[in-house]
Amino acid sequence: MSAPVPLLETRKLSKNFGGLRAIDNIDLSVETDETVGLIGPNGAGKTTVFNCVTGMSPPTSGDILYRGESLAGLRPDQVTARGISRTFQNIRLFREMTVIENVMVGSHCRARAGILGAVFRPKAVVKEEEELAAKALGLLRFVGLEGKADLWARQLPYGDQRRLEIARAMASDPSLLLLDEPACGMNPQETIALMELIRLIRDRGIAVLLIEHQMKMIMGISDRLVVLDHGTKIAEGTAEAVRADPAVIGAYLGKESIGA
Amino acid sequence: MTTPARSVALIRRPLSRIVLASLWFGLLSLPLMMESQAPFFGLRRPLLVSAGVAVIGVLRLAVSRRAGSGAGGVQRALGATGRAVHHLVGQIDRRLLYAVGLAAAALIPLGLNRYHIDILTQVGIYVTLALGLNIVVGLAGLLDLGYVAFYAVGAYAYGLLSTRVGLSFWEVLPLGALLAALFGVLLGIPVLRLRGDYLAIVTLGFGEMIRITLNNWDSVTRGPNGILGIARPKILGFTISTPIQYYYLILALVLLTVFVVERLNRSRIGRAWTAMRDDDVAAEAMGINLVKTKLLAFGLGATWAGSAGVFFASKMTFISPESFTFFESVIILCMVVLGGMGSVPGVILGAATLVILPEIMRQFALYRMLIFGGAMVVMMVMRPQGLVGSPRRKVALGPKDRPRPTAVS
Amino acid sequence: MLLQQLINGLTLGSVYALIALGYTMVYGIIELINFAHGEIYMLGAYMGIVTFGLLSTLHLISPDSVVALLLMMVVAMLFCGACGVTMERVAYRPLRGASRLSPLISALGVSIFLQNFVMLAQGPRDKGFPNLFAGGGIDLPGARISAIQIFIMATSVMMMIGLQLLVHRTKIGKAMRATAQDMQMACMVGINVDRVISVTFLVGSILAGVAGILVGMYYGLINFFIGYIAGIKAFTAAVLGGIGKIQGAMLGGLLLGLIESLGAGYISSEYKDVFAFAILIVVLIFRPSGLLGEDISKRV
């Protein structure tokens, strides 16, 4: 499976909002099985990169290649079907649905049942539904939410909601998972548990691209870091290399201290 | 500004508040109700309005004094009823619930006269319509204000195909449903990427366009005169003609609708609809094709309107554009919202209430629609989530969670 | 012919614009389609007749005078303003924060209530509206602007200028703009949002009341049902221009008037409404947020 091309690659990716250039000529790549951390001060354009990759806001210029194929012009649902899935910085669960239903929605594009299937419920559809539910339960167990399957998503505490988002994103069997500040708002114990979870995700052979502000965590689990500031890439490399980079220190100076 | 704002201090005290409100409404009704020829300009009627408002105010006060603060008493009572119904619905096995409902629906009409059976038949038509619209509004969260257009498509499909081509009821039933679905999809393709309220006006406009076309395309639809002499349905050579026979026919259609809607609701498609309603951005990110999913909702919703239309035409044997006004769309939407969006038993209850209530109010003759409009407001103010709406919804969306402007300023 | 249709269209359009302003202002602030707004306009028209009737019965001043006209306007404005504020207080304020459909149903209820109230109080039949501008007008080559048309357009322009001044030059106008942008934020910086919403309803209803008088005089006949179709048209105009945008409502109203008038003149008068809605759908396909509306990109 060691393909010569990276799993995900952006080439001179740029996005303008009106006159504002949110990201500028970003080159970024994620290899299969790799965990890459995307860091940078607030407003550096990290989430914009996610939005471009997932097709939510098409880039102004540049290209996004997934397994060597361009994702240009694909809708978000098509991108998800290709194998890229994401979570959101401001949690976006389906609040009026149960926990397990949320995860089952995540595997929407991996199931087939249409209207006729829904109405007549042939054996194949019943089986598919059972498989979806079993898979969803498995994922809930994986993220540590077993026993909460029948609660409403809104009833979950904050940290659990973040975990549920991860389970939901994994339900579409992605090869690449984009996590947008998954530790945001979590206490230290929860953060440690989350790091463990991300390691387990990687062990399942899923590549992770991760935005995070908690430096200890992101430096601890990323194979490689990419640093953005004001929409441009200012550094890239291992945690140690990035930590010593003067450009990175300059960008963060007075905002956050690296390695805190 | 107006009187209430200036006398903020007075308003604090409930009794003076009642007096002010009573005077205010009396004053508001004065210009419309007075008659320059009558003695004292007919001041009697505005005074009656004032008295009425005062009575309502005192009653509200009395109830709230007994049951706690504000209008909470009535609200809580209603809320408790709704919760109880919801709980019951949740507790009892759906199959049992539906079996009891079905038995009641099948047996009750046997003891009723023709007039009452006709009303129940109407309930059946509206249940079908409301369940169809529930797919669009309640499940998929798309605001459709022109739903009646699809009802008209079904009715006219049968009216025209029966009188001109001579097709039978059973041939047109699927055809009319399909035609309505086609109209739904055709309308949906260009407009479904619009945001909620834009969609509302476009669907409203579409409904009006259909009605105006029916009204003016004389050569085909006979315009406002409508289509007469539509054939009654036949089963194995037996013609359905009495109210009770029609009742059982619509009951069959309702059962089919409930069955299909329930199954859709608990399927992959149903989950996609609800997800889209809750958060369309996240839904799309989870791999749901929004356009396709919305079109499915629109088309399927229209299907039920189409079949209800075919049945309506066969029942009345006469149709005209008058039956398909914007007001019809509004009533059907009210049934969905009043009963509790997304809940099948709720929607059935909503439809039954809104058909039967005006019938009961017939004794008030002229005041019927006035009371009806007022009741809609009161109902929404007291229980915005509908009769059988999920009680949980209220916890988060209730006014208490919102910042109170007065507390800040 | 063309010129005449344009004049008729502009007259009609300026009335649509006046009503559309009320829709758009309320929508801009609380995102509610106030379906009862058309009824406020209808009430305005009835106030004109009531005032006129009272003046004739009392023989206080000649009902044909300018003073009578002004009185009719003032009474309609006061009454409609009061009705608008009351409506918000009774039917919409308790629902703030509920799901979006609840206030919509409440608004439909208010609409049904008001229609039937007027029908019961004033009778179901058409009522003649006094024509205070009989005869006058200006003849142009191939067309004629009647005095009433001039009056309608002039009044509408004046009201719109007044509204612009209110929104952009006064403190309450600033508060309205702030609330429209972000209600919670406005709340936090100490703006009394309840008051802003009341004022919005007040202003919108006053404009609708004036529109009622103007249309009553233009057509000469009114009934309890006129609010419905005018309401739909005005709402269409507001959406056409981009709902929530004050200039959008003006542009949308004028355009809709022109479209209808030209459509009725050159294509078919029966289908003029179909024509108006078809244009709306076409515009929304190409500009999903209306002519002057900003494109709302998805916020993630």
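In the text below, chain A, chain B and the rest are named by the order of the sequence lines, each starting its count at 1. Side chains included, hydrogens not; waters and symmetry mates left out as well; all remaining heavy atoms used.
For the residue pair Gly287(B) and Asp77(A), the shortest heavy atom distance occurs at C-CB, 3.4 Å. Heavy atoms only, all atoms of each residue included: Ala285(B) and Phe88(A) are closest at CB-CZ, 3.7 Å. Here the shortest heavy-atom pairing between Leu264(B) and Ala118(A) reads CD2-CB, 3.9 Å. The nearest pair of heavy atoms linking Ala282(B) to Arg168(A) is CB-NH2, 4.0 Å.
If you measure heavy-atom distances from Ile115(A) to chain B, the contacts under 4.5 Å come from both the backbone and the side chain. Within the 4.5 angstrom heavy-atom criterion, atoms from both the backbone and the side chain of Ile288(B) approach chain A. Contact annotation for Ala111(A): both backbone and side-chain heavy atoms come within less than 4.5 Å of a heavy atom of chain B.
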_side chain to side chain contact (heavy atoms under 4.5 Å, CB included) evaluation trace for Arg121(A) with Arg266(B)_ = CA-CA 11 Å; Arg121(A) 284 215 185 139; Arg266(B) 287 140 188 268; 3.7 Å; yes

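Ranked by heavy-atom pairs shorter than 4.5 Å toward chain A, the options Asn265(B), Thr274(B), Val260(B) are led by Thr274(B). The candidate from Gln78(A), Glu128(A), Arg112(A) with the greatest count of non-hydrogen atom pairs under 4.5 Å with chain B is Arg112(A).
Between Asp278(B) and Arg95(A), no side-chain nitrogen of the basic residue sits less than 4.0 Å from a carboxylate oxygen of the acidic one, so the salt-bridge criterion is not met.
Atoms CZ and CE, on Arg268(B) and Met104(A) in that order, are 11.0 Å from each other to the nearest 0.5 Å. If you take CD1 on Ile91(A) and CG on Asp279(B), they are separated by 12.0 Å, rounding to the nearest 0.5 Å. The line from CZ of Phe120(A) to CZ of Arg263(B) is 9.5 Å long, rounded to the nearest 0.5 Å. Taking CE of Met286(B) as the start and OG of Ser85(A) as the end, the distance is 4.5 Å to the nearest 0.5 Å.
Annotation: side-chain hydrogen bond (donor to acceptor under 3.5 Å, both in side chains) contacts of Arg271(B) (sequence neighbours excluded): Glu129(A).
Within the 4.5 Å cutoff, side-chain heavy atoms of Arg277(B) are placed close to those of Glu96(A).
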